[in-house]
Amino acid sequence: MDKIKIRGGKPLEGKIFISGAKNAALPLICASLLTDETVTLTNMPMLSDIKAMNALLQQLGTKINDFDDFVDGHATKTYSYRTKDIESLTAPYDYVRKMRASYYVLGPLLARFGKCELSLPGGCAIGARPMDIHLSSLEKMGAKIEIKNGYIYAQSDGRLKGTHILFSGVSVGATCNLLMAAVLAEGTTVLENAAKEPEIGDLAKLLNAMGAKIQGIGTSILTIEGVDKLHGAVHKIIADRIEAGSYAVAAAITRGKIELINAKSETLRQPLQVLKDMGVHIVETPNSIIVDAKGCNLVGKDIMTEPFPGFPTDLQAQFMALMLTADGASMVTETIFENRFMHVPELLRMGANINVHGHASAIVRGVKKLSGAPVMATDLRASFALVLAGLIAEGETVVNRVYHLDRGYEKLEEKLKGVGADIERVKGDDNYE
Ligand code: UD1
């Protein structure tokens, strides 16, 4: 297994091109299952999660082509998806266990083919992550759901039926799945208490370009008038706000200055406000965000994760690393996932001062320095927090289990090297596992 080796202490300076959003791309790929025509997605990030989703769709019968492309002068990929004939309606355990977002095939397959068998994803490193909201909502639309042998067997007699659904909790995944189920349903569906993440807006935009009738995009009430058939479309994936936020922290933590090309500040209001409150200079341009922390003395700031437009749970670990370099104490409250402080023990090994209280809160106190160490993380964003700590630590940090980072950060070393980091990918060494 590959590792990332970092020698800390260099302020980062330059430009980083922000890739297409992983969490938008995954449901968008699955939306292509809703039509027998071709759906083309541009600005696709090159990530292992995308490869895993493509492999799942190919197994279902989707024909996929990829092309080299350019977005704003940067090399990216364009993918086209066509599911004319379906070969399987099953998302097997081997795919779902590798990537839980595989559950995005459920809504589209049920809507277009009236059937889907999906391995239940089970819990993961950050929490239990049940699917009860997805399933009870699909049942309200007339689906028959049975759970047997670790699989969800979902079936519908004819088209799903439009209805009024009040989600019992705000869920990104359930909102996307129900949106994809409702576009081909009979009649009108209203999704209330829907998640408002920008990735959901991107999905709704693609679906409307395919002929769907969705209103209320960007709000917590989505109204979907079902249509008989959808057609092909071409769509550019939005920039990854979590990748942008992660590199914003890289600039801040190293007291450097990075221009995040293509980042959209309207998707990052809370994190940018926190950075400003801590003392970082932020300049928004039409096509970028400049994060300037040169010579800045940062102060601690409390954060609490919430559904969008609140502070994203996917940036909590990265900001915790930053708080270690601020004067005074910062309190971090995690309200979305019950086990999302797995990076703390690793940061402690590098000299951090963090006290975790229960599952939901942690006090972070600024420290004079961190020291490099071999570390490993259990999830994607926590791994990036360790990279950030490595960027300022004295000596060498080796981040193990790089496959977590490869799930969500395209060309990580290349991008960080481009702004001056001393970072390299090295082949596995069992001593560190
Ligand atoms: C998505 C993102 C993930 C992000 C999360 C929260 C993708 C591929 N992943 O995950 O990066 O951290 O949103 O912004 O886009 N819940 C239930 N029952 C359900 C569904 C969810 O109890 O049926 C709970 C979850 O356990 C969690 C909370 O609701 O505690 C929010 O989860 P959800 O918004 O669904 O997250 P995901 O879609 O899994």
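We count ligands from 1, going down the list as the structure has it; atoms in each ligand are counted the same way. The figures here come from the full heavy-atom set of this structure, side chains too, leaving out hydrogens, waters and symmetry mates. Everything quoted here is computed from the prediction, not taken from an experiment.
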Query raised in the report: When you check the gap from the basic side-chain N to the acidic O, do E199 and K205 get nearer than 4.0 Å?
Result: no
Report task. Please identify which atoms of ligand 1 are closer than 4.0 Å to at least one heavy atom of I133. Result -> 17 (C), 18 (N), 19 (C), 23 (O)
Query - contact_flag F167 ligand 1 heavy-atom lt 4.0 Å - result: no
Report task. Please check if a non-hydrogen protein atom sits closer than 4.0 Å to atom 24 (C) of ligand 1. Result -> no
Query - Donor-acceptor contact below 3.5 Å, side chain R407 vs main chain L47 - result: no
Requested in this report: Distance to 0.1 Å, residue and atom name: give those for the protein heavy atom nearest to atom 36 (O) of ligand 1.
Outcome: F337 CZ, 4.0 Å
Report summary line: Among non-hydrogen protein atoms, atom 35 (O) of ligand 1 lies closest to S171 OG, 2.6 Å
Query - side chain to side chain contact (heavy atoms under 4.5 Å, CB included) between V71 and K236, intermediate numbers included - result: CA-CA 9 Å; V71 167; K236 179 181 165 191; 3.9 Å; yes
Query raised in the report: What residue and heavy atom of the protein are closest to atom 31 (C) of ligand 1, and at what distance?
Result: I336 CG2, 3.7 Å
Report task. Just go through R100, R129, R340 and tell me whose heavy atom is the nearest to atom 10 (O) of ligand 1. Result -> R129
**Report entry** Step-by-step side chain to side chain contact (heavy atoms under 4.5 Å, CB included) determination, T223 to T188
**Finding:** CA-CA 7 Å; T223 305; T188 301; 3.7 Å; yes
Report summary line: Note: heavy atom closest to atom 16 (N) of ligand 1, options S137, P130, G408, G169, belongs to P130
Query raised in the report: Can you tell me the protein heavy atom closest to atom 15 (O) of ligand 1 and the distance?
Result: N23 CG, 3.2 Å
Query raised in the report: Taking NZ, NE, NH1 and NH2 as the nitrogens, is one of them in K417 or E414 under 4.0 Å from a carboxylate oxygen of the other?
Result: no
Report task. Ignoring hydrogens and angles, tell me if any N or O in the side chain of Q59 forms a donor-acceptor pair with the backbone of T90 under 3.5 Å. Result -> yes
Query raised in the report: Hey, are D69 and K77 close enough for a salt bridge, meaning a charged N less than 4.0 Å from a carboxylate O?
Result: no
**Report entry** Whether T254 side chain and L12 backbone form a donor-acceptor pair below 3.5 Å
**Finding:** yes
Query - Winner among T335, V172, D132 once heavy atoms are compared against atom 34 (O) of ligand 1 - result: V172
Query raised in the report: Can you tell which part of M131 has a heavy atom less than 4.0 Å from ligand 1: side chain, backbone, both or neither?
Result: backbone
Query raised in the report: Between Q316 (side chain) and R340 (backbone), is there a donor-acceptor pair under 3.5 Å?
Result: yes
Report summary line: Between the NZ atom in K411 and the CG atom in L416, the distance rounded to the nearest 0.5 Å is 13.5 Å
Report summary line: Of all protein heavy atoms, the one nearest atom 4 (C) of ligand 1 is D314 OD2, 3.3 Å
Report summary line: closest protein heavy atom to atom 29 (O) of ligand 1 is V170 O, 4.2 Å
Report task. Determine whether the side chain, the backbone, both or neither of T313 has a heavy atom under 4.0 Å from any heavy atom of ligand 1. Result -> side chain
Query - K161 atom NZ: more than 12 heavy-atom contacts under 6.0 Å - result: yes
Query - Nearest neighbour in protein (non-hydrogen) for atom 38 (O) of ligand 1 - result: G173 N, 2.8 Å
Query raised in the report: By number and element, which atoms of ligand 1 are closer than 4.0 Å to a non-hydrogen atom of Y103?
Result: 37 (P), 38 (O), 39 (O)
Report task. Quick one: look at I242 and ligand 1, take heavy-atom pairs under 4.0 Å, and tell me if it's side chain, backbone, both or neither. Result -> neither
